[in-house]
Undergrad: 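This structure is in structure tokens; I'll ask about it shortly.
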Number of protein chains: 2
Amino acid sequence: MTTAKRADARKNIESIMDAATACLARDPDVSVAEIAKAAGVGRVTLYGHFESRSTLVTQVVERAIQQTDEALAAVDLDGDPRTALSNLLEASWRLTQQYGALIVAAEQSMPHEQFQAVHLGLMDRWKPLMERGRRDGSFRDDQPLQWQLTLLQSVLHAASGAVYRGEIKATDAAALIDDTVQSALTPPGKD
Amino acid sequence: MTTAKRADARKNIESIMDAATACLARDPDVSVAEIAKAAGVGRVTLYGHFESRSTLVTQVVERAIQQTDEALAAVDLDGDPRTALSNLLEASWRLTQQYGALIVAAEQSMPHEQFQAVHLGLMDRWKPLMERGRRDGSFRDDQPLQWQLTLLQSVLHAASGAVYRGEIKATDAAALIDDTVQSALTPPGKD
DNA sequence: ATTAACTCGAACACCGATGTACGACAACGG
DNA sequence: CCGTTGTCGTACATCGGTGTTCGAGTTAAT
């Protein structure tokens with residue numbers, strides 16, 4: 001019964017989602033006014049399509065989650081665990097650059113449970129690979145798995161910040177990340 | 001000419017600084033009202049001693065910087081670079097736990113230049129050690145030094161978050177940090 | 001004991017951001 | 001071409017945080 005939306009309305013919704021994604025990736029506390037301006041749209045129009053700031057953020061985050069999940073699902077995780085990890089890191093690096101601080105906005109605007117559920121869901125892309133690598137001796141297993149996963153995220157985040165501050169070039173980052181993580185996960189005395 | 005402050009006033013100023021440090025370490029956006037309450041003092045009294053929120057933050061940060069600098073200066077950095085790094089990491093970990101997100105508050109409330117100057121000052125505690133270790137083959141030197149410094153900070157921050165979320169025990173963190181960093185800095189093919 | 005310094009709560013003005021209401025105008029879709 | 005849908009600017013109410021003022025009450029210090 002819901003009459004189909006008009007073409008320009010759909011286009012504006014798209015613009016708003018895109019602008020919001022880009023803005024929130026830079027500053028998770030960006031105002032609705034700035035998002036609207038970035039989208040080339042009036043603030044009132046934005047509120048016509050999204051109930052509140054928080055619902056906008058939620059929708060943006062959900063779309064990002066979905067695209068992230070798809071991108072990670074497309075990564076080949078078979079074969080040598082170290083190679084598989086390289087692939088996963090490269091894909092994750094692209095996503096980290098794209099979405100930046102969006103995860104911070106999510107943490108502030110989404111109900112705590114939901115956020116944690118999503119976060120655990122994304123972690124499950126890494127967990128099996130890491131467990132396999134630990135079993136077959138590719139990765140060190142004398143540290144908690146959870147810590148190693150946290151470390152992965154941390155390195156990606158650090159690289160994002162370093163690129164932003166101009167400390168390293170974006171083109172070098174991928175190799176640097178891979179290098180660093182592989183080194184950190186190498187079993188002691190096995191090189 | 002400035003008459004000495006009264007005893008209770010000095011005590012209150014102390015309480016406020018301490019409470020502000022603790023509060024800002026947890027939440028860099030904490031309100032002045034909450035800081036005052038945590039200090040067991042009226043909000044007006046706080047404004048009697050500090051011109052504004054931003055000057056309070058600045059003073060708190062400056063004191064933290066000073067204490068941090070002293071603590072790091074007391075660390076023995078001679079001898080084997082890897083041992084020295086362990087010492088420096090342990091001291092830094094204590095400070096990270098103590099001051100937590102205070103650095104975020106600093107970044108938001110202080111003039112950009114001043115913050116960066118302070119940050120570079122603290123970095124200079126690490127830089128000579130790292131350079132020495134890279135020269136004598138203790139640490140890998142096929143990555144930018146700046147990146148390795150960023151990585152150090154990142155690991156400390158990650159550990160802080162992990163402890164906060166209950167992923168790892170605070171007592172285990174120090175060893176885990178040292179283990180991780182040493183592993184990441186080990187030259188490839190030399191173990 | 002007297003005074004100057006200090007504390008405190010309540011009330012106020014101010015600011016920026018969120019969210020709403022209205023009315024004129026534009027453009028999509030049949 | 002006409003009606004529905006959507007857009008836009010302005011204006012307004014609200015909320016939370018900052019910073020100030022006032023006046024009455026306490027407390028340190030000589």
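These numbers come from the heavy atoms of this one structure, side chains and all, not from hydrogens, waters or symmetry mates. Convention: sequence-line order gives letters A, B, ...; per-chain numbering from 1.
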Undergrad: How many whole angstroms separate atom NZ of A:Lys37 from atom P of C:dT18?
TA: 13 Å
Undergrad: Any donor-acceptor pair, under 3.5 Å, between the side chain of A:Arg43 and the base of D:dG9, if you only look at N and O atoms?
TA: no
Undergrad: Regarding D:dG19, can its base be found pairing with the side chain of B:Arg53 as donor and acceptor, where the two atoms are less than 3.5 Å apart?
TA: no
Undergrad: Closest approach to the side chain of A:Ser31, judged atom by atom: which nucleotide of D:dG9, C:dT18, D:dT20 is it?
TA: C:dT18
Undergrad: What nucleotide among D:dT7, D:dC8, D:dA29 has an atom nearest to a side-chain atom of B:Arg10?
TA: D:dA29
Undergrad: With a 4.0 Å cutoff (strictly under), does any side-chain N or O of B:Thr45 reach OP1 or OP2 of C:dC8?
TA: yes
Undergrad: Would B:Arg94 and B:Glu90 pass as an ion pair if we require N to O under 4.0 Å?
TA: yes
Undergrad: Do the charged groups of B:Arg82 and B:Asp80 touch, with an N to O distance under 4.0 Å?
TA: no
Undergrad: B:Leu46 CG to C:dG9 P: how many Å, rounded?
TA: 13 Å
Undergrad: Given that B:Lys5 and A:Gly42 both sit by DNA chain D, which one's nearest nucleotide is further toward the 5' end?
TA: A:Gly42
Undergrad: Does A:His49 place a side-chain N or O at less than 4.0 Å from the phosphate oxygens OP1/OP2 of D:dT7?
TA: yes
Undergrad: If two hydrophobic side chains count as joined below 4.5 Å and joins carry through other members, does B:Leu95 share a cluster with B:Leu24?
TA: yes
Undergrad: Please enumerate all protein N or O atoms sitting under 3.5 Å from an N or O of nucleotides 14-16 of chain C, with distances to 0.1 Å.
TA:
none

Undergrad: Produce the list of close N/O pairs, under 3.5 Å, pairing protein atoms with atoms of nucleotides 24-27 of chain D; give distances to one decimal.
TA:
residue, atom, partner, partner atom, Å
D:dT27, O2, B:Arg6, NH1, 2.9
D:dT27, O2, B:Arg6, NH2, 3.3

Undergrad: How long is the line joining CD1 of B:Ile35 and C1' of D:dG16, in whole Å?
TA: 16 Å
Undergrad: From D:dG9, C:dT18, D:dT21, pick the nucleotide closest to the side chain of A:Tyr47?
TA: C:dT18
Undergrad: Given atom CG of B:Asp29 and atom P of C:dA17, what is their separation to the nearest angstrom?
TA: 14 Å
Undergrad: Under a 4.0 Å N-O cut-off, is there an ion pair linking A:Asp69 with A:Arg125?
TA: yes
Undergrad: I need the NZ-C1' distance between B:Lys11 and C:dC6, as an integer number of Å.
TA: 12 Å
Undergrad: So what does A:Val32 touch, heavy atoms closer than 4.0 Å: a base, only the sugar-phosphate, or nothing?
TA: sugar-phosphate
Undergrad: I want to check one thing: is the phosphate of C:dC6, taken as OP1 and OP2, less than 4.0 Å away from some side-chain N or O of B:Asn12?
TA: no
Undergrad: How do B:Ser52 and B:Ala7 order along DNA chain D: which one's closest nucleotide is nearer the 5' end?
TA: B:Ser52
Undergrad: Salt bridge between B:Arg63 and B:Glu14, side-chain N to carboxylate O under 4.0 Å?
TA: yes
Undergrad: Can you find a pair of side-chain heavy atoms, one from B:Thr180 and one from A:Trp147, that are under 4.5 Å apart?
TA: yes
